[in-house]
Amino acid sequence: MEYVSRVPRPPLDGLIDDIYYLEGTPPYARLTLPPTPAALLIVNLGAPLRIRAGTDIEPAEYADGCVVTTPTRAYDFGYPVQTRSVGVHVKPWGLAPFLPMPAAELCDRPVTLEQVWGRPAVVELRDRLASADGPAEMLTLLEQELTRRLRVTAGLGLVRHTSGVITATRGAIPIGDLGTAAGVSSTHLAQRFKEIVGVTPKRLARTSRFAATVFAIDPAGPVDWAELASGAGYFDQAHFGHEFRAFTGLTPTRYVEVRQRFLREHPDHVLDSWPLPAD
């Protein structure tokens, strides 16, 4: 697969990790995406994507693209045989300035791009992207569209700062301390988080700790699970295992086996850092 990405210019760089272009044949027809402290926006230029936000929800097709706020559960992501898209990996607070509704309304409910920006605007954007002269121009066009849509969002500074503290501590910070340090009540902070991130500070911290812990795992070598759990601030290894199953549906050892399968079957693949084979 071809993957091209870059960090956008200010002010988008304070909201977005990177804008990317993806094209080619996916490594697997279905991938499981464990939750991360991040959001996602995709403009689809190929056949429809299929997404299932949890095992208790039927998969749905997304022809024009999708918007996914910071998730609390693993997603089943189905790529077409040939996929082509332009997307944005967004910081937890970064989608709010582009949404016409509170982020909480989209929590674990991926929606089509049309539901967020309207059909005429999305059709025009997809046409311009499809006729662009290569990935670099496509990234520029999407960046321009995002800049044009950027709007002032009440409470964004508070949530951005507090989310940064959560990220810097890998989620290992007493949630009560966040409101105190920011000079607001815990209730006010939680409300702002739900409006802008889609989840509470406590939930974002939980996801941040899990993601940081998993990224620290080297699937190619032996893993000291007790030491890993203790270093991440989990009560004990049982607590860590419970969190692992809640976030991925897998035990820690089974997770490593699945990661090893991906690395073995598709070494150095552009998608090998987080998604897991779902089949």
Side-chain angles (χ1 to χ4, degrees), residues 1-31 33 36 38-51 53 59-71 75-101 103 106 109-151 153 269-271 273-275:
M1 298 185 81
E2 180 181 8
Y3 184 83
V4 180
S5 73
R6 64 172 173 80
V7 176
R9 292 182 291 271
L12 293 183
D13 61 337
L15 304 169
I16 292 169
D17 286 321
D18 75 298
I19 303 176
Y20 70 87
Y21 170 82
L22 180 68
E23 181 177 10
T25 303
Y28 303 97
R30 292 170 50 236
L31 291 167
L33 275 64
T36 61
L40 180 66
L41 183 151
I42 299 175
V43 185
N44 186 40
L45 302 173
L49 307 169
R50 288 179 62 83
I51 302 175
E61 288 196 346
Y62 297 79
D64 64 1
C66 63
V67 175
V68 180
T69 57
T70 302
Y75 283 14
D76 187 296
F77 206 96
Y79 285 101
V81 175
Q82 284 294 321
T83 188
R84 187 169 186 250
S85 63
V86 183
V88 187
H89 292 119
V90 190
K91 298 178 188 296
W93 59 87
L95 269 183
F98 309 105
L99 297 178
M101 71 284 283
L106 307 185
R109 289 182 54 247
V111 293
T112 65
L113 201 56
E114 178 182 321
Q115 289 173 280
V116 175
W117 287 348
R119 180 173 177 76
V122 174
V123 168
E124 179 186 0
L125 175 60
R126 293 178 74 209
D127 286 345
R128 286 191 287 126
L129 289 169
S131 60
D133 185 19
E137 184 177 334
M138 296 171 79
L139 299 187
T140 297
L141 286 171
L142 183 53
E143 182 175 357
Q144 291 172 345
E145 180 69 16
L146 292 167
T147 301
R148 186 181 68 81
R149 289 183 172 275
L150 191 61
R151 63 179 180 82
T153 304
H269 197 278
V270 297
L271 298 179
S273 63
W274 190 250

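Just the heavy atoms: all of them, side chains too, but no hydrogens, waters or symmetry mates, feed the values below. Because the structure is predicted, anything quoted here is derived from the model rather than measured.
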message: Is the shortest side-chain heavy-atom distance between Arg126 and Leu113 below 4.5 Å?
response: no

Taken to the nearest 0.5 Å, the spacing of Arg30 CZ from Ile51 CD1 works out to 13.0 Å

Look at atom CZ of Arg6 and say whether more than 12 heavy atoms of other residues, nucleotides or ligands are closer to it than 6.0 Å. yes

Checking Leu99, Thr112, Val88 against Val67 for side-chain contact (heavy atoms from CB on, under 4.5 Å), the one that qualifies is Leu99

Quick one: does any side-chain atom of Asn44 pair with a main-chain N or O of Ala63 as donor and acceptor, under 3.5 Å?
yes

Whether His89 and Tyr20 hold their rings parallel, tilted or perpendicular, with breakpoints at 30° and 60°
parallel

Q.
I'd like to know if the side chain of Glu143 reaches the main chain of Arg9, judged simply by a donor and an acceptor atom lying under 3.5 Å from each other, with no hydrogens or angles considered.
A. yes

Practice problem: Answer yes or no: is there a side-chain heavy-atom contact under 4.5 Å between Leu31 and Tyr79? | Solution: yes

Counting only heavy atoms from other residues, nucleotides and ligands, does the tally under 6.0 Å from CG of Asp127 exceed 12?
yes

Closest non-hydrogen atoms of Trp93 and Gly14, given as atom of the first, atom of the second and distance, are NE1-O, 2.9 Å

Here the gap from Ser131 atom OG to Glu137 atom CD, rounded to the nearest 0.5 Å, amounts to 7.5 Å

CG (Leu125) and CH2 (Trp117) are apart, to the nearest 0.5 Å, by 6.5 Å

Crowding at CZ, Arg148 (>12 non-hydrogen neighbours, <6.0 Å): yes

Scanning both residues in full, the closest heavy-atom pair of Pro71 with Ala38 reads CD-O, 3.4 Å

**Study point:** Validation row: Thr36, Trp274 side chains within 4.5 angstrom (heavy atoms)
**Key:** yes

Rounding to 0.5 Å, atoms CG (Leu40) and OG1 (Thr70) come to a distance of 10.5 Å

Worksheet item: Short question: side chain of Asp18, backbone of Ser5 - any donor-acceptor pair under 3.5 Å?
Response: no

Do Arg128 side-chain atoms and Leu142 backbone N/O form a donor-acceptor pair below 3.5 Å?
no

Note to self: Are more than 12 heavy atoms, taken from residues, nucleotides or ligands other than Arg109, located less than 6.0 Å from that residue's CZ atom?
What the structure shows: no

Carefully, step by step, assess Ile42 and Phe77 under the rule side-chain contact (heavy atoms from CB on, under 4.5 Å). CA-CA 12 Å; Ile42 299 175; Phe77 206 96; 3.7 Å; yes

N/O donor-acceptor pair under 3.5 Å between Tyr62 side chain and Pro110 backbone: yes

So the salt bridge (Lys or Arg N to Asp or Glu O under 4.0 Å) pairs with at least one residue in residues 82-97 (sequence neighbours excluded) are Asp17-Lys91, Glu23-Arg84

Shortest non-hydrogen pair, Arg151 vs Ala96, comes out as NH2-O, 3.1 Å

Quiz prompt | Side chain proximity check, Leu150 to Pro11, heavy atoms < 4.5 angstrom | solution = yes

Value for OG1 (Thr83) from CG (Leu49), rounded to nearest 0.5 Å, stands at 5.5 Å

Distance col, row Tyr21:OH vs Met1:CE, nearest 0.5 angstrom, shows 10.0 Å

